[in-house]
Each structure stands twice: as structure tokens, then as C-alpha cells.
Amino acid sequence: MANISITLPDNSSRELQEGATVYDLAASIGAGLAKAALAGKINGQLVDLSSRLTDGDSVEIVTEKSPEALDIIRHSTSHLMAQAVKELFPQAKVTIGPAIETGFYYDFDVEKPFTPEDLERIEAKMLVLASSDQKIERHEYSSADAISMFEAIGEPYKIELINDLGVERVSVYSQGTFADLCRGPHLPSTGRIKAFKLLSIAGAYWRGNEKNRMLQRIYGTAFIDKKELEAYLNRLEEAKRRDHRKIGKELDLFSFSDEVGAGFPIWHPKGAMLRMVLEDFERKEHLKRDYDIVVGPQILKSELWQRSGHYENYRDNMYFTEVDEQSYGIKPMNCLSHMMIYKSQLRSYRDLPLRFFELGTVHRHERAGVLHGLMRVRCFTQDDAHILCTPEQLDAEIKGVISFVNDVMTIFGFEYEMELSTRPEKSIGSDSDWEQATEALLSALKDSGRPYEINAGDGAFYGPKIDIKLRDCLDRRWQCATIQCDFTLPERFDLTYVASDGERKRPIMVHRVILGSIERFIGVLIEHFAGSFPLWISPVQAIVVTVTDNQIPYAQDVYRQLRNAGIRVERDVRNEKLSFKIREAQLQKIPYMLVIGDKEVEQGTVTPRYRDGKNLQAMKPEEFIEFVTQECKTFK
RNA sequence: GCCGUUGUGGCUCAGGGGUAGAGCAGCUCACUCGUAAUGAGCAGGUCGUCGGUUCGAUUCCGACCAACGGCUCCA
């Protein structure tokens with residue numbers, strides 16, 4: 001029999017008999033590797049261990065340590081789940097079941113939705129199937145054969161998928177009596193699946209289209225071993241503990257009320273204080289960067305929204321009101337009044353760029369099912385600005401915004417990623433406008449030296465945009481900042497400036513937010529810090545705590561001094577045990593507890609206890625004021 | 001908007017066809033006690049809303065509202 005030559009990742013080569021598989025290659029290298037092998041990579045393409053090699057292939061063995069391992073394990077686990085579901089619910093129709101970032105899911109078409117008890121049964125069945133270590137085999141068929149096969153076993157969704165694929169041949173993976181259309185690759189046998197858990201049941205539309213039938217999706221996750229699975233499940237628990245809705249209630253920051261309406265947060269004193277600190281910070285930072293602060297009204301005539309195109313494209317998300325037979329739209333965006341400010345006088349190229357900043361509160365009628373704590377609400381305040389500039393200035397302005405975002409995210413300690421979104425199907429504006437705007441954003445992204453991704457077709461209807469997603473301490477991503485180019489609104493509103501040659505020219509408008517919305521950003525902050533905010537943004541920075549009633553007059557005096565100095569301080573002079581008061585302040589995550597007993601009264605000091613349990617040296621109240629002031633200056 | 005789950009005093013939750021219970025918080029009293037819960041007593045709910053079934057519903061059924069997990073959508 002002829003020999004073939006295979007190249008390994010270290011560039012060494014190996015001779016094998018013709019017809020050898022990836023597994024044979026692993027076995028020829030060593031028994032240990034053969035045992036650890038999960039899949040292979042031939043010429044960069046992920047394949048099964050059973051794949052045959054041909055002469056000249058370069059091959060890599062995928063083991064648990066390979067970055068691709070997790071996806072393969074999860075994908076095979078989703079098949080295992082489908083197998084279990086088919087055994088328990090033979091009438092269920094299988095659809096698709098991919099690996100995702102945090103695990104996997106599989107969508108089924110069933111008459112009756114799954115119950116939590118079903119989930120337990122399915123998981124138990126999966127354990128049995130895994131321990132029986134069934135071989136997972138790949139077979140190739142012509143599309144026509146595959147279709148008749150799936151017709152015979154009554155799987156219409158698979159037939160639809162094959163028809164849409166429009167290819168000659170398809171692959172089918174089988175394990176036991178279960179067979180599924182799939183590109184693969186998969187683990188060699190079900191016994192290789194060692195650590196998984198089914199997590200939740202949800203409705204999901206076939207092919208993600210809400211006009212299609214709703215399927216039942218089961219989410220699960222799988223890891224290389226039990227230890228990693230446990231670590232992940234612990235992280236889920238930690239995320240639950242940090243949930244901003246829970247902490248928001250515990251720290252008395254905000255609430256929602258049926259009587260007020262869904263999606264309308266009510267800001268309690270401490271939450272409002274947190275907002276105020278952020279808003280003051282933003283005003284200062286914007287003034288530093290030559291923005292002008294402006295203010296527009298909450299409602300504007302409907303005719304204006306018609307002119308802007310919002311009425312046409314965004315009406316379903318808007319609230320309207322009518323007074324004296326005049327219809328008004330409650331603003332879902334702040335751009336219109338900013339444009340009217342621009343239009344209020346004749347502008348020269350010497351005036352540009354103009355940067356109008358507004359902490360603009362907007363209302364958007366989001367669909368009922370999408371609301372989520374502070375992350376998705378119907379009334380929120382954007383740190384919104386519109387930059388009007390010449391085409392020549394666009395590049396520098398966008399770069400300026402990106403550096404602004406970077407400065408702010410560094411202060412809060414967030415990592416972030418950038419994405420460019422291009423023209424969507426439903427849009428206004430000419431092709432050339434879109435090209436020019438997209439080009440400007442792209443060049444700024446390239447110049448930033450940071451990695452970025454491209455989301456084709458995900459732009460706003462009036463222009464392309466850069467979205468900035470920050471990562472919190474649990475590695476979750478949140479859309480906050482966005483920079484949107486707009487060639488359309490200046491056109492619609494006939495915005496002009498007089499250029500150096502005396503000609504009237506059209507400015508470009510850039511819509512941008514840094515934090516995004518104060519509401520969402522606070523939600524992210526709460527979860528990131530688990531409610532233990534840095535001193536500079538803590539709504540309550542310190543609390544004066546007395547040991548007994550004897551110290552009340554002095555404690556009041558200290559409280560007054562701190563208040564007058566602008567420290568956000570509270571006092572707890574209740575007739576309670578010190579340990580009880582410390583406990584309450586601790587649960588409120590107040591950075592400093594200023595303990596006052598007889599000793600402090602005598603010496604005219606306070607003893608600050610940080611919320612991590614450590615005491616600072618006893619110090620004079622004015623020293624504490626100085627200390628807090630300095631810390632806040634450096635955003636600690 | 002769609003699928004599923006849930007909805008009991010301020011909070012966390014138990015209960016269940018015959019007109020409601022705990023802990024915490026609140027209030028009162030006693031204790032004046034130095035770094036995560038002092039003790040005793042009191043008070044507090046038309047069991048999300050509106051209909052239906054029933055001699056009788058908070059408990060069963062339906063609609064609506066809201067929250068939660070997703071889908072779709074988005075700052």
C-alpha cells in the first residue's frame with residue numbers, strides 16, 4: 001500500500017499508510033495523544049478524528065487544550081441533548097443546535113412547551129447516553145438522499161435546511177438511533193462529554209424571524225471538565241448577586257412602579273445623587289473639550305419630526321400628544337433642537353466645528369417584552385452631543401470623540417471594543433453620502449490603533465456608526481458609547497455655512513454619546529462594582545456613627561462640618577449597638593464609617609473605618625475632608 | 001409584539017376552596033453597650049387588576065397589567 005506524507009505543526013513530517021485517519025496520525029505519534037485527541041485540523045479546517053488524510057496535508061491534533069476544543073464539545077453536547085429529547089419526546093422535530101459563546105442551545109418544534117421537570121429528565125437521559133459512550137459517526141449523502149432520509153424520519157426542518165443549502169452533498173452525524181444534519185466536526189463518541197448542564201427553556205423563532213413559528217429552545221452549557229463547569233456556574237451565581245435590579249433595591253437607588261408605567265425608572269435620593277455626580281462629571285469633561293452646553297424642549301411639533309424622517313421611520317417608538325389641535329412628538333432623540341440652534345443664525349466656516357452637548361432626556365416606546373431594569377427603559381437621559389463640522393474636520397472630530405471615550409472609560413476602569421455598523425436596508429440618504437461617512441469612521445478606527453469589528457447592515461437609518469461596547473468585570477459586553485455620522489439631517493434641514501470662498505456649503509453632523517444613557521451606564525456600574533462604588537461617585541461617601549448617646553452633640557458637629565465641606569455624609573446616632581450600625585453601613589456599602597466614641601470626643605477626632613473592615617488612623621474632621629477631596633480629584 | 005414562568009403586608013418568602021402566616025424592616029419600652037444583627041411588646045395585608053365557576057375564591061378558570069428567562073429590537 002502506498003504511503004502518504006503529513007506535515008505537523010512543528011513542520012516535521014510523518015509517513016502514514018494511505019487511507020489513514022487523523023486518529024491514526026495521533027496514535028502514530030503517541031498513545032497519550034490518541035487518547036487526548038478530540039478532533040483534528042487539516043490544512044486549517046476543523047475535521048473529525050475519523051477524517052481520512054491525503055498526501056501533503058498539514059495536520060494538527062485538537063485536544064482539550066486547543067482553543068477550538070470547547071466549541072466542539074458544546075456542539076456535540078447539543079447533539080446529545082437532541083438525542084435525549086428525541087428519545088423522550090419522539091414527536092419533537094429537531095431544527096438547529098449550535099455552540100454559542102457561553103454554551104449551546106438546540107431548538108425543537110414541539111406541541112407542548114418543555115417544563116422545568118422535562119429539563120431534569122432530559123439531563124438525566126443525557127447522562128445515561130453519555131456514559132454508554134456511543135460512537136459518533138459521520139456519513140455523507142447526496143442532498144437528494146438526505147432529503148428522502150429526513151422525510152422518512154419526519155424531520156421537515158432538516159429538509160428545509162438542505163434545500164436552502166443548495167449543495168450537492170451534505171453530511172449527517174449519527175449516534176445510536178439519532179441522526180442529524182450537521183457540518184461537524186464532532187467528538188468521536190458521546191463518552192467524551194464529561195461536564196454539562198441544562199440551564200433554561202425559552203421561546204425562539206425559527207430562523208430568528210418573528211413571522212415564523214415559535215420553537216422551544218433549551219439552553220445549556222458544557223465544559224472540558226467538571227471543575228470548569230463549576231467555575232462557570234459560580235460565575236452565574238455571582239452575576240445574580242450583582243444584578244443591578246437587586247442591588248438597586250438594596251441600596252435604595254431607584255424603583256419601578258406599575259402605577260407610573262413600565263420602563264419608567266423613579267430615582268430615589270441616593271440614585272439621584274449618583275446620577276448627579278455623573279452628570280456633573282460629564283458637564284465638566286465636555287466643557288474641557290470645547291463643547292457648548294445647550295438645552296432643548298421635551299416636546300416638538302410633529303411637523304418637525306416629519307421633516308427629520310423620524311415620523312416616517314421611528315413613529316412606532318414615539319409618544320405623541322396633542323394640545324389646541326397641534327400635534328407634538330415627545331422627543332426620542334435630541335438632535336432636532338440642536339439643529340434648530342445651528343439654524344438660528346448664519347454660520348461661517350470660522351465658527352466650525354460647533355459641538356452642542358445636552359444631558360437630554362428622551363422617551364422611546366420600547367416593545368413591552370424588551371424592558372430590562374435600567375438597561376432597557378422607556379425614559380432615559382443621554383449624554384448627547386451633536387458636532388457640526390466641515391468635511392475636512394470630520395476625521396479629527398471623530399478621533400477626538402474616540403479619545404474622549406478612551407479617557408472616560410479609563411477613569412471608570414472599563415475595557416472596551418469598537419464596532420463599525422454599515423448601511424441598513426431601511427435607510428435614507430444617497431449612496432455617495434453613505435460611502436463618505438463610512439469611510440470617515442473607518443479611517444478613524446484604523447488610526448485609533450485598537451481592534452475593531454464590522455457589523456454589516458447594522459447602522460442607523462440616517463448614517464453609519466461606531467458602537468463601543470464595554471466589558472464589565474464579569475466579562476459581559478454592554479453597548480454604551482456610539483458615534484454616528486449623519487449626512488442626511490443637515491440636508492433635510494438645509495443646514496449651511498459660508499465657506500472661505502463665500503459659497504454656502506453643507507456641514508456634516510456627528511451624533512455621539514459617551515456613556516450612552518445615564519440609566520444604562522449606572523446599571524453597568526452597579527454590576528461592575530457590585531454596589532461598592534468608588535469614593536468619588538458613591539452617593540453616600542461617609543457615615544458618622546456614634547458608640548453611645550454621649551457622643552451625639554460632637555457627632556452632629558462633625559456631620560455639619562463634613563456636609564458644609566461638600567462631603568456626601570450621613571449620620572447614624574440611633575441608640576443601637578455599634579456593631580449593628582457598622583453592619584448596616586457595611587450592607588449599604590458606604591466607603592467610610594466615621595466611628596465616634598468617648599476617645600474621639602476627647603481628642604476632637606474621628607476614626608474612619610473603610611468598608612473592607614480596616615481602620616484608618618484617628619484624624620481631625622478637617623483632615624478627613626482633605627483626604628476625601630484629594631481622593632475624589634483623582635477619581636478613586 | 002411572540003413563547004414560557006411568576007405576582008401573598010416596606011423587603012424576602014411559606015400557605016392554600018370556608019374569609020391569611022414567618023423572618024427582617026417599622027413603631028413603643030428597657031438596655032448606653034467600641035467595629036457585620038441586645039431583648040420584650042405593638043402595629044401592618046380587600047393575597048396584581050377585572051370578570052367567571054361555586055352556597056362560598058386569595059386558592060379553580062379566563063382576560064388584562066406587571067416582573068422574570070429568552071426570541072425579535074435597541075442607548
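Protein chains get the first letters and strands the later ones, always in sequence-line order, with residue 1 at the start of each.
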With the side chain of [X] defined as its heavy atoms from C-beta on, choose the nearest nucleotide among [options].
X	options	result
A:Q586	B:rA36, B:rA75, B:rC33	B:rA36
A:F380	B:rU32, B:rA75, B:rG34	B:rA75
A:Q382	B:rU35, B:rG69, B:rA75	B:rA75
A:R574	B:rG26, B:rU35, B:rA75	B:rG26
A:M214	B:rU35, B:rA75, B:rC2	B:rC2
A:Y205	B:rC73, B:rC71, B:rC3	B:rC71

_Less than 6.0 angstrom separating the ring centers of A:H286 and A:F357, yes or no?_
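A:H286 vs A:F357: aromatic centres under 6.0 Å.
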
_Proximity of A:F89 and A:F114 rings by center, below 6.0 Å_ =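 For A:F89 and A:F114, the ring centres are under 6.0 Å apart.
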
*State which residues pass side-chain hydrogen bond (donor to acceptor under 3.5 Å, both in side chains) with A:R242; sequence neighbours excluded, sorted by chain then number.*
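Listed in chain order: A:E238.
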
*With sequence neighbours excluded, what pairs up with A:D258 under the side-chain hydrogen bond (donor to acceptor under 3.5 Å, both in side chains) test?*
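Result, side-chain hydrogen bond (donor to acceptor under 3.5 Å, both in side chains) vs A:D258: none returned.
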
Between [N] atom [atom2] and [X] atom [atom1], what is the distance in whole Å?
X	N	atom1	atom2	result
A:M375	B:rA75	CE	C1'	12 Å
A:L587	B:rA25	CG	P	11 Å
A:E584	B:rC24	CD	C1'	11 Å
A:K581	B:rU35	NZ	P	13 Å

*May I ask you to decide whether A:K589 forms a salt bridge with A:E584, counting only side-chain N to carboxylate O separations under 4.0 Å?*
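No, this pair does not count.
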
*Can we say A:E527 and A:K240 salt-bridge, meaning some charged N sits less than 4.0 Å from an Asp/Glu carboxylate O?*
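Salt bridge flag = no for A:K240 with A:E527.
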
*With a 3.5 Å cut-off and no angle check, do the side chains of A:Q216 and A:D107 form a donor-acceptor pair?*
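No, A:D107 and A:Q216 have no side-chain donor paired with an acceptor closer than 3.5 Å.
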
*Would you say the side chains of A:T548 and A:Q551 form a donor-acceptor pair under 3.5 Å?*
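Yes, side-chain donor-acceptor contact under 3.5 Å.
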
What is the ring orientation for [X] with [Y], classed by angle as parallel under 30°, tilted 30 to 60°, or perpendicular over 60°?
X	Y	result
A:F624	A:F627	tilted
A:Y592	A:Y610	tilted
A:F521	A:F414	perpendicular

Which residues satisfy the salt bridge (Lys or Arg N to Asp or Glu O under 4.0 Å) test with [X], sequence neighbours excluded?
X	result
A:E117	none
A:R289	A:E285, A:D407
A:K86	A:E155

*Name of the residue among A:R477, A:R450, A:K469 meeting salt bridge (charged side-chain N to carboxylate O under 4.0 Å, His left out) with A:E419*: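 Exactly one option meets the salt bridge (charged side-chain N to carboxylate O under 4.0 Å, His left out) with A:E419, and it is A:K469.
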
*For A:D280, side chain to side chain contact (heavy atoms under 4.5 Å, CB included) partners two or more places apart*: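 With neighbours one apart ignored, the set is A:M276, A:R283.
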
*Not counting sequence neighbours, which residues clear side chain to side chain contact (heavy atoms under 4.5 Å, CB included) with A:F529? List them please.*
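Partners of A:F529 by the side chain to side chain contact (heavy atoms under 4.5 Å, CB included) criterion, ordered by chain and then number, come out as A:L525, A:F533, A:P534.
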
_Using a 4.0 Å heavy-atom cut-off to protein, can you give one letter per nucleotide of nucleotides 37-49 of chain B, 5' to 3': B if the base is in contact, S if only the sugar-phosphate is, - if neither?_
BB-----------

Which residues in [range] have a heavy atom closer than 4.0 Å to any atom of RNA chain B?
range	result
residues 98-111 of chain A	none
residues 508-523 of chain A	A:G516, A:S517, A:R520
residues 362-370 of chain A	A:R364, A:E366, A:R367, A:A368, A:G369, A:V370
residues 310-317 of chain A	none

*Would you say B:rG10 has OP1 or OP2 under 4.0 Å from some side-chain N or O of A:K249?*
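For A:K249, the contact criterion (side-chain N or O under 4.0 Å from OP1 or OP2 of B:rG10) is not met.
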
*Establish, with yes or no, whether the OP1 or OP2 oxygen of B:rA75 is under 4.0 angstrom from a side-chain nitrogen or oxygen of A:R378.*
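For B:rA75, neither OP1 nor OP2 has a side-chain N or O of A:R378 closer than 4.0 Å.
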
